[in-house]
A.B. asks: 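Let me give you the structure first, and then I'll get to my questions.
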Amino acid sequence: MRALFFIPGVVCLFIGLIFLLVFRLGSIEDERSEHSMIAQGWAKLVDTGRRLKYDYKNRSRTVYYGVYEYDTVDGQHISSASDFGYGNPIDIPGTQGNMVRIRYNPNNPTEFVLLEEQAVSRTVLPSFRKIGIILSVLGILFSAAAIAAILGLFDSLLYGLIMSA
């Protein structure tokens, strides 16, 4: 009974660390993208592809992605698929016939990112960091409370408070 907070503490800490890991991996990808994808241009959506994605329970769902065409600064005409997936093909940037801004790697022009998708990533990732920090702190506090209860520190603290009153 004294260790009642220990299990929620460990769970919060574990989930918090997962959120922090996702944030860090996303940050590394953004940093890599910043350094390698330095050329900018405009792309046109020419096709929509789909892939099956599987979740941790091995359930499949269809994810749609855009295939874009663009010209590089050195005149190459590129056709490449986005790595960013959508649950609905209507949500893919450029479906209304508009050109979309991209950044691409001049050393590997098929490697690109849409600026809109990059902006989404930059607004979502900090939330993962905040949630991860909050859950980790809660996990540490719960675990510390459980350890203090196991060691009997609460009993002596309560005894001291009662005796001083």
Side-chain angles (χ1 to χ4, degrees), residues 5-144:
F5 292 117
F6 193 69
I7 293 172
V10 170
V11 169
C12 283
L13 187 59
F14 180 73
I15 294 172
L17 292 175
I18 288 173
F19 271 85
L20 289 172
L21 179 66
V22 168
F23 165 75
R24 186 61 194 138
L25 292 175
S27 297
I28 290 170
E29 181 64 25
D30 277 354
E31 290 169 11
R32 185 193 64 77
S33 172
E34 283 291 322
H35 295 297
S36 65
M37 296 188 199
I38 54 174
Q40 291 194 23
W42 291 92
K44 178 181 179 183
L45 180 69
V46 293
D47 197 9
T48 302
R50 63 183 181 178
R51 301 180 190 117
L52 284 179
K53 291 277 186 169
Y54 294 90
D55 65 10
Y56 68 96
K57 291 185 177 179
N58 208 26
R59 294 178 299 203
S60 67
R61 66 181 176 97
T62 303
V63 177
Y64 299 91
Y65 60 94
V67 178
Y68 295 89
E69 286 185 351
Y70 51 95
D71 294 321
T72 64
V73 288
D74 61 355
Q76 293 181 42
H77 186 74
I78 305 292
S79 179
S80 187
S82 174
D83 290 332
F84 207 90
Y86 294 88
N88 189 337
I90 295 172
D91 296 333
I92 298 172
T95 54
Q96 287 77 26
N98 301 327
M99 298 288 280
V100 291
R101 297 274 301 154
I102 63 165
R103 290 175 59 155
Y104 64 91
N105 182 348
N107 298 324
N108 182 9
T110 59
E111 184 179 302
F112 76 100
V113 65
L114 276 69
L115 293 182
E116 305 181 23
E117 294 171 350
Q118 199 172 31
V120 168
S121 160
R122 287 193 177 143
T123 56
V124 171
L125 277 177
S127 299
F128 275 84
R129 182 180 63 199
K130 290 174 188 169
I131 292 169
I133 290 170
I134 290 169
L135 287 173
S136 296
V137 168
L138 282 173
I140 290 168
L141 290 174
F142 276 129
S143 298

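Below, each value reflects all heavy atoms present in this structure, side chains not excepted, and no hydrogens, waters or symmetry copies. Computed from a predicted structure; not experimentally measured.
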A.B. asks: Supply the atom-to-atom distance Ile7 CD1 to Cys12 SG, rounded to the nearest 0.5 angstrom.
C.D. replies: 12.0 Å
A.B. asks: Considering non-hydrogen atoms only, spot the tightest contact between Tyr54 and Ser60 and give its length.
C.D. replies: CE2-CB, 3.3 Å
A.B. asks: Any cation-pi pair here, Arg50 with Tyr65, using under 6.0 Å and within 45°?
C.D. replies: no
A.B. asks: Side chains of Ile78 and Thr72: does their closest heavy-atom pair fall under 4.5 Å?
C.D. replies: yes
A.B. asks: Which atom names give the shortest non-hydrogen contact between Tyr86 and Ile92, and what distance separates them?
C.D. replies: CD1-CG1, 3.7 Å
A.B. asks: For residues Ser136 and Leu17, determine if any side-chain heavy atom of one lies less than 4.5 Å from a side-chain heavy atom of the other.
C.D. replies: yes
A.B. asks: Taking the side chain as every heavy atom from C-beta outward, state whether Tyr68 and Val46 have any atom pair closer than 4.5 Å.
C.D. replies: no
A.B. asks: Measuring from atom CD1 of Ile15 to atom CG of Leu20, what distance do you get when rounded to the nearest 0.5 angstrom?
C.D. replies: 12.0 Å
A.B. asks: In Å, rounded to the nearest 0.5 Å, how long is the span from CG of Asp83 to CD of Glu111?
C.D. replies: 8.5 Å
A.B. asks: Search all heavy atoms of Lys53 against all heavy atoms of Val63 and return the closest pair with its distance.
C.D. replies: CG-CG2, 3.2 Å
A.B. asks: If we only count heavy atoms from C-beta on, is the Arg103 to Phe112 side-chain gap below 4.5 Å?
C.D. replies: no
A.B. asks: Look at the rings of Tyr104 and Tyr70 and say which category their plane angle falls in: under 30° parallel, 30 to 60° tilted, over 60° perpendicular.
C.D. replies: tilted
A.B. asks: Is there a side-chain contact between Phe19 and Leu21 in this structure, where contact means two heavy atoms from C-beta onward sitting under 4.5 Å apart?
C.D. replies: no
A.B. asks: Check Leu115 against Gln40 and note the closest heavy-atom contact, atom names and distance.
C.D. replies: CD1-OE1, 4.3 Å
A.B. asks: Verify side chain to side chain contact (heavy atoms under 4.5 Å, CB included) between Leu45 and Val100, making sure each step is shown before the conclusion.
C.D. replies: CA-CA 8 Å; Leu45 180 69; Val100 291; over 6 Å; no
A.B. asks: Report, as yes or no, whether the 6.0 Å neighbourhood of atom CZ on Arg101 holds more than 12 heavy atoms from other residues, nucleotides or ligands.
C.D. replies: yes
A.B. asks: Evaluate the side-chain proximity of Val73 to Pro106: yes if any heavy-atom separation is below 4.5 Å, no if none is.
C.D. replies: no
A.B. asks: If every non-hydrogen atom of Pro93 is compared with every non-hydrogen atom of Leu114, which pair is closest and at what distance?
C.D. replies: CB-CD2, 3.6 Å
A.B. asks: Between CD1 of Ile140 and CG of Leu135, what distance do you get to the nearest 0.5 Å?
C.D. replies: 11.0 Å
A.B. asks: Looking at every heavy atom in both Val67 and Ser79, which two are closest together, and how far apart are they?
C.D. replies: CG1-OG, 3.7 Å
